[in-house]
Amino acid sequence: MLDKSQSVHEHPRPMSELAKAYEPQAVEEKWYAAWLAADCFHADESSEKEAYSIVIPPPNVTGILHLGHVLNNAIQDILARRARQEGKEVLWLPGTDHAGIATQAKVERELREKEGKTRRDLGRDAFLERVWDFKNTHGDIIIKQLKRLGCSCDWSRERFTMDPQYTRWVSQVFVDLFNEGLIYRGKRMVNWCPVSLTALSDEEVIMKPSRSKLFTMKYELADHPGEFIEISTTRPETLMADVAIAVHPKHPKYAKWIGKMVKRPFPEALIPIIGDEAVDLEFGTGALKITPAHDKVDFEIGLKHGLDIVDTLHPDGRINCPACPDLDGLDRFVARRKAAAKLEEMGLLIGVEEYENNVGYSERADVPIEPRISMQWFLRYPKIKESTDAVASGEIRFRPERWAKTYAHWMENLQDWCISRQLWWGHQIPVWYRKDKFDSLKNAESLETKDAAAGDIYVGVEPPAQGDWIRDEDVMDTWFSSWLWPFATMSDVGENSATLKKFYPTTDLVTGPDIIFFWVARMIMAGYRFAGGLPFKNVYFTSIIRDLKGRKMSKSLGNSPDPIDLMDKFGADGLRFGLMRIAPVGADVRFDESSVEEGRNFANKLYNACRFRQMDGNEFAPLPSVHGLPVYHVLVMSKLDQLANDLVGIYAEYRFGEIAQRLYEFLWNDFCDKWLEAVKADLRESATAEARAAALGTFDAVMSRYLQLLHPYMPHVTEELSERMNYVSAGEFLMKKSLPDKPLLAGLPAAELEAAQKQAAAIYETAGRLRNLKAEYNLGSRKDVRFVMKGSVDWLSNELNVLALLAGSAEILADDAYEAPKGTPAAVTPVGEAYMPMEGLIDVGAERTRISKEIEKMELEVKKSEGKLGNASFVDRAPPEVVVQEKQRLEDWKTKLTQLGEMLAALK
RNA sequence: GCGCGCUUAGCUCAGUGGUAGAGCACAUCCUUCACACGGAUGGGGUCGCAGGUUCGAACCCUGCAGCGCGCACCA
């Protein structure tokens, strides 16, 4: 047995030593290490070059890479690498976010599961030590994953939102805003998470449609026994906190009772009926129980009417009502059923109906939040006008632009931001209370600038130097540190650092539209207030990645593929390219692993094209002149020039998917399918040295530039191939090379260019027609087919060999005197009439028999699928589109048989 | 209720007024000396529906329907 792979002598040229299929893993690791070793990602703040900068949206320090991160960071890497190629000094500043609630919850869970302890068992300091340990052990997982993806961040500038200098910034900003009167403390209705035991901002509450029950009950009038007022509620468990009943002043039945008292059943009390326009006449009974402590609207009504506030819930959501021992201490949802049952026993429950309403859930803990009055710190946003105008005027440009409307709408309806959190992990509020006044200050209705002036409280970055003080226990919302990210990462407080000077404001921000309010809007306001201007010039909002069913990726659904697995399977380049190619501008993307597979296949195609070139060695072949080259070479070079030129415009519009698509099409269609096939004759041993030099020179000229254009999308494989093909000198990196300033065909006269493009395109098209002809007669794979060209264009004779090669044909003759036998298959082509003489190609008789048999089989199939056969059951019937397809194929075969008949007649 | 977006081939999506496209999937052929992670050929779409503008509409306008998202309200 002769194994082909061992018989090297069979090959005219030595086979490349490269493996047949591209294996990305080792290559990617090698190049990432090489880039780091050569400090390729470092941004030089003293550079003369134009600055380009991006700050990374800092992932949660304990987070794990998901596909959203991949898309987001691939785009940033593409922008950064492209900017370097454009000769800019690039800073891509990385870092992580301490993610208050998420991180603390993780550590608390671990503590509970492993040691059965709560954070209070440990105490604040010991607990924080645990969180820091956790951060130090797990914090670099996501950083390593970003490196695996190929991200060209300046790791020497990596930041963490709880770095000492960053923390100083957060405190300083708090102090400044406090002194300005924009930060104050007050007792307000806030969103309370009964699981995380902290207040939340409005943005951290997610409204979910929920199936609830609407209870209708009745309260008896105090001085009209036997007369009742009916009200509807979804929350009977808050009945104990009712302090009034409100009706619309125009209520047909109840309006007359305004001012009278009703009996609250438990704990028994008399509460007034009040009139308020806020009550909807149409809803329920048109009467509303007022529970100021546990409902936002009720709280407002309570304020207006001077009602008491009765709080009957513990912070963890259990009932706090010793006057009702049977409910006291119960969970709010258990108490709900119990309270309803109690009402029923008392004969006060009139009805229960199924009801769908929206319930606010805690974003992190995923439980219904509880509106709760508590003492919190709030911020009145600064620089609202400047920030609104900046986006409206296009000074900060949003892409897609429609998000600007969402932003404007939010900016017009700003509510004060609740910035305090009852957590331990985070930036502690930099406020100290005088110890001797602590108890009164703790419960003071409000605290603001004047209280500091009075010396009762101290607000400062450093702790008070002397005296007895107690520090506020709360920490700040994580986003209160995130909003400083673009400048706090580049400088320390009050310091105009060289990095800040060079790279602020940043050029592009790449993030998801889901954090426009959380982050983007607030960064703009902070930028104007604390860094002297806008924080970035462009914001690119990425797609949200969904599964094929259109669902969001989530851990609980298990529909979120692990990007590391995908990179193991397909390579980081494959993942990046595959994802980029399907991610549309401004719409969600439905992710499917097959797109990553295509990315991997594309890398392989590229690799093999280079492998083919390497059969002729890997010494760089210079292109002596662009004049007088074969037309195919001119066409492929002009296509590359066109591509390079078009990409400039598409990059300017941030249409990343289109860039990937264009890169894909050039390599696969123009370069491999057409040019590389056309050029094979020039690389044979029989070819002239001149032809070979031109082909190799064209290959290297085109491929070296193409690799550069592709590099931002597939950094590893392009760097690898550039080295192997000697497109960069030893020790140089493709990633550091500037884009060429002139097109390949810069010196070629337009007339010569156009003529070559036309001729080459005509040959490719003709080759396609000839292949059609072959395939029609089932000769697609035959190499011994010959063609005759009649009435051909004058330049065709020089191109017949290439045409024959492309058509997979043994020989093509140009013969204007050719008389085709009747029935000879023919086609009209851009270069003349083409004939395919059939003599000797097929045994017409045998072929005819074969086709007849096929037709019989096909007819049977068609009948079966139409359900026309006697024994065909209903289930055998094919769907209509299949029937149509099969009928079409039947017709094709019949046509072929007729043609064969003609041919047979002609040959006799 | 207000606002935004989407609806094109079996699937995922391009397509800004002039002959309907790509990849995948499917069918047939080919393991030919870059690549089967490949090559060749082919089948498949009244462009969500109804009107309007236009010589001409997937594209512009109006209305409707379905799906999705955001905001507000929800006793």
Side-chain angles (χ1 to χ4, degrees), chain A residues 4 7-8 10-13 15-16 18 20-22 202 207 209 212 214-216 231-235 238 245-246 278-280 283-291 295 297-298 355-359 400 402-403 405-406 409-410 413 513-514 516-517 544 546 548 550-552 570 574 578 581-592 594-595 597-615 655 657-658 661 664-665 668-669 672-673 676-677 680 684 768 771-776 778-783 807-808 879 881-882 884-886 888-889 892:
Chain A
K4 236 179 174 177
S7 56
V8 176
E10 276 191 13
H11 303 287
R13 284 167 278 144
M15 273 298 285
S16 162
L18 297 177
K20 233 176 162 182
Y22 176 57
D202 295 343
M207 301 306 284
S212 310
L214 185 64
F215 301 88
T216 303
I231 58 150
S232 295
T233 182
T234 52
R235 303 203 60 189
T238 62
I245 300 297
V279 183
D280 183 354
F283 191 95
T285 61
L288 176 61
K289 74 188 194 69
I290 300 299
T291 321
D295 185 281
V297 174
D298 292 7
Y355 178 63
E356 183 151 310
N357 63 344
N358 282 331
V359 176
R402 62 190 160 84
W403 293 113
K405 214 166 175 176
T406 307
H409 183 254
W410 190 74
N413 296 283
D514 48 338
I516 287 186
F517 312 138
I544 290 173
R546 299 174 179 280
L548 280 177
R551 302 174 303 185
K552 266 191 183 178
F570 302 114
R581 200 154 76 97
I582 57 163
V585 177
D588 294 350
V589 54
R590 296 191 177 207
F591 177 82
D592 183 39
S594 70
S595 63
E597 192 178 339
E598 285 169 38
R600 187 266 319 255
N601 294 353
F602 181 63
N604 187 56
K605 187 76 179 173
L606 177 70
Y607 167 85
N608 272 294
C610 290
R611 209 168 133 251
F612 174 66
R613 161 68 179 85
Q614 286 190 293
M615 295 195 307
R655 287 155 64 182
E658 193 176 334
Q661 187 58 26
Y664 184 93
E665 283 168 1
W668 212 298
N669 303 339
C672 290
D673 288 350
L676 217 48
E677 293 304 322
K680 277 178 176 170
R684 287 194 182 127
R771 285 194 303 261
N772 294 353
L773 217 49
K774 283 172 66 182
E776 259 179 63
N778 208 26
L779 298 167
S781 308
R782 292 278 287 264
K783 296 290 167 198
E881 65 269 17
V882 174
V884 170
Q885 273 185 29
E886 289 188 356
Q888 179 63 48
R889 282 175 61 200
D892 290 351

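In the text below, chain A, chain B and the rest are named by the order of the sequence lines, each starting its count at 1.
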Write down the protein N/O and nucleotide N/O pairs, taken from nucleotides 36-39 of chain B, whose separation is under 3.5 Å; answer none if there are no such pairs.
unit_1: B/C37; atom_1: O4'; unit_2: A/Asn601; atom_2: OD1; d: 2.8
unit_1: B/C37; atom_1: O2'; unit_2: A/Asn604; atom_2: ND2; d: 2.7
unit_1: B/C37; atom_1: O2; unit_2: A/Arg600; atom_2: NE; d: 3.2
unit_1: B/C37; atom_1: O2; unit_2: A/Asn601; atom_2: OD1; d: 3.4
unit_1: B/G38; atom_1: OP1; unit_2: A/Asn601; atom_2: ND2; d: 3.3
unit_1: B/G38; atom_1: O3'; unit_2: A/Lys605; atom_2: NZ; d: 3.1
unit_1: B/G39; atom_1: OP1; unit_2: A/Lys605; atom_2: NZ; d: 3.0
unit_1: B/G39; atom_1: OP1; unit_2: A/Trp668; atom_2: NE1; d: 2.4

Work out how far the C1' atom of B/G43 is from that of B/U28, and round it to whole angstrom. 11 Å
Spacing of A/Met615 atom CE relative to B/C35 atom C1', expressed in whole Å: 11 Å
Starting at CD of A/Glu665 and ending at C1' of B/A14, how long is that distance when rounded to a whole Å? 9 Å
Under-3.5 Å N/O pairs linking protein and nucleotides 71-73 of chain B:
unit_1: B/C73; atom_1: N4; unit_2: A/Asn358; atom_2: ND2; d: 2.4

Whole-Å distance separating the CZ atom of A/Phe612 from the P atom of B/C33: 12 Å
If we only count heavy atoms from C-beta on, is the A/Ile231 to A/Ile245 side-chain gap below 4.5 Å? yes
Student check: side-chain heavy atoms of A/Ser212 and A/Glu356 closer than 4.5 Å: no
Tell which nucleotide pairs with B/A40, taking only Watson-Crick or G-U wobble pairs whose two distances are both under 3.5 angstrom. B/U28
Heavy atoms only, 4.0 Å cut-off, all strands: where does A/Ser594 land among base, sugar-phosphate and nothing? nothing
Does B/G70 have a Watson-Crick or wobble partner in any strand here, with both distances under 3.5 angstrom, and which is it? B/C2
Point-to-point distance, once rounded to the nearest 0.5 Å, from CZ of A/Phe517 to OG1 of A/Thr406: 6.0 Å
Heavy-atom nearest nucleotide on RNA chain B for A/Phe215 versus A/Thr406: which residue maps closer to 5'? A/Thr406
Just how far is it from atom NZ of A/Lys783 to atom NZ of A/Lys774, taken to the nearest 0.5 Å? 5.0 Å
Nearest-angstrom distance from the residue atom CZ of A/Arg655 to C1' of B/U16: 11 Å
Base, sugar-phosphate, or nothing: which does A/Leu288 touch, judged by heavy atoms less than 4.0 Å apart? base
Nearest-angstrom distance, P atom, B/G18 to B/A57: 11 Å
Using Watson-Crick or G-U wobble geometry with both distances below 3.5 Å, tell me the partner of B/A65, or none. B/U7
A/Asn604 side chain to A/Tyr22 backbone, donor-acceptor under 3.5 Å: yes
Just to confirm, is there a sub-4.0 Å distance from OP1 or OP2 of B/C4 to any side-chain nitrogen or oxygen of A/Arg402? no
List the residues meeting side chain to side chain contact (heavy atoms under 4.5 Å, CB included) with A/Thr238, not counting sequence neighbours, and say none if there are none. A/Arg235, A/Lys289, A/Thr291, A/His294
Of the nucleotides B/G23, B/A34, B/A22, which has the atom closest to the A/Ala609 side chain? B/A34
Set of ring-ring contact (aromatic ring centres under 6.0 Å, His included) partners for A/Phe602, sequence neighbours left out: A/Phe577, A/Tyr664
By the Watson-Crick or G-U definition, both distances under 3.5 Å, B/C35 is matched with none
For a 4.5 angstrom cut-off between non-hydrogen side-chain atoms, does A/Arg402 reach A/Lys405? no
Pairing partner (Watson-Crick or G-U wobble, both distances under 3.5 angstrom) of B/G21: B/C13
Taking only the side-chain nitrogens and oxygens of A/Arg771, find out if one of them lies under 4.0 Å from OP1 or OP2 of B/A40. no
When you compare B/G45 with B/A40, how far apart are their P atoms, in angstrom units rounded to a whole number? 24 Å
Here the distance between atom P of B/G1 and atom CG of A/Asp280, to the nearest Å, is 14 Å
Rounded C1' spacing from B/A50 to B/C55 in Å: 23 Å
Pick the C1' atom in B/U62 and in B/G1, then give their distance to the nearest Å. 22 Å
For atom NZ of A/Lys405 and atom P of B/C2, their distance in whole Å: 14 Å
Between CH2 of A/Trp403 and CD1 of A/Ile516, what distance do you get to the nearest 0.5 Å? 5.5 Å
Only counting residues at least two apart or in another chain, list the ones meeting salt bridge (Lys or Arg N to Asp or Glu O under 4.0 Å) with A/Arg590. none
Identify the two heavy atoms, one from A/Thr234 and one from A/Tyr355, that lie closest to each other, and give their separation to 0.1 Å. CG2-CD2, 3.9 Å
RNA chain B nearest-nucleotide lookup for A/Asn772 and A/Leu676: closer to the 5′ end is A/Leu676
As its Watson-Crick or G-U partner within any shown strand, both distances under 3.5 Å, B/U53 has none
Which whole-number value in Å describes the distance from A/Ile582 CD1 to B/C11 P? 16 Å
What interatomic distance, in whole Å, is found between C1' of B/A20 and the corresponding atom of B/G15? 9 Å
Suppose you measure atom P in B/C11 against the same atom in B/U53; what distance do you get, rounded to whole Å? 34 Å
Which value, in whole Å, describes the distance between the P atoms of nucleotides B/C4 and B/G10? 32 Å
Please name all residues satisfying salt bridge (Lys or Arg N to Asp or Glu O under 4.0 Å) with A/Arg546, sequence neighbours left out, ordered by chain then number. A/Asp588
Considering every strand and a 4.0 Å limit on heavy-atom distances, what is the contact class for A/Lys774: base, sugar-phosphate, or nothing? nothing
Rounded to whole Å, the CZ-C1' distance (A/Arg581 to B/G21) equals 14 Å
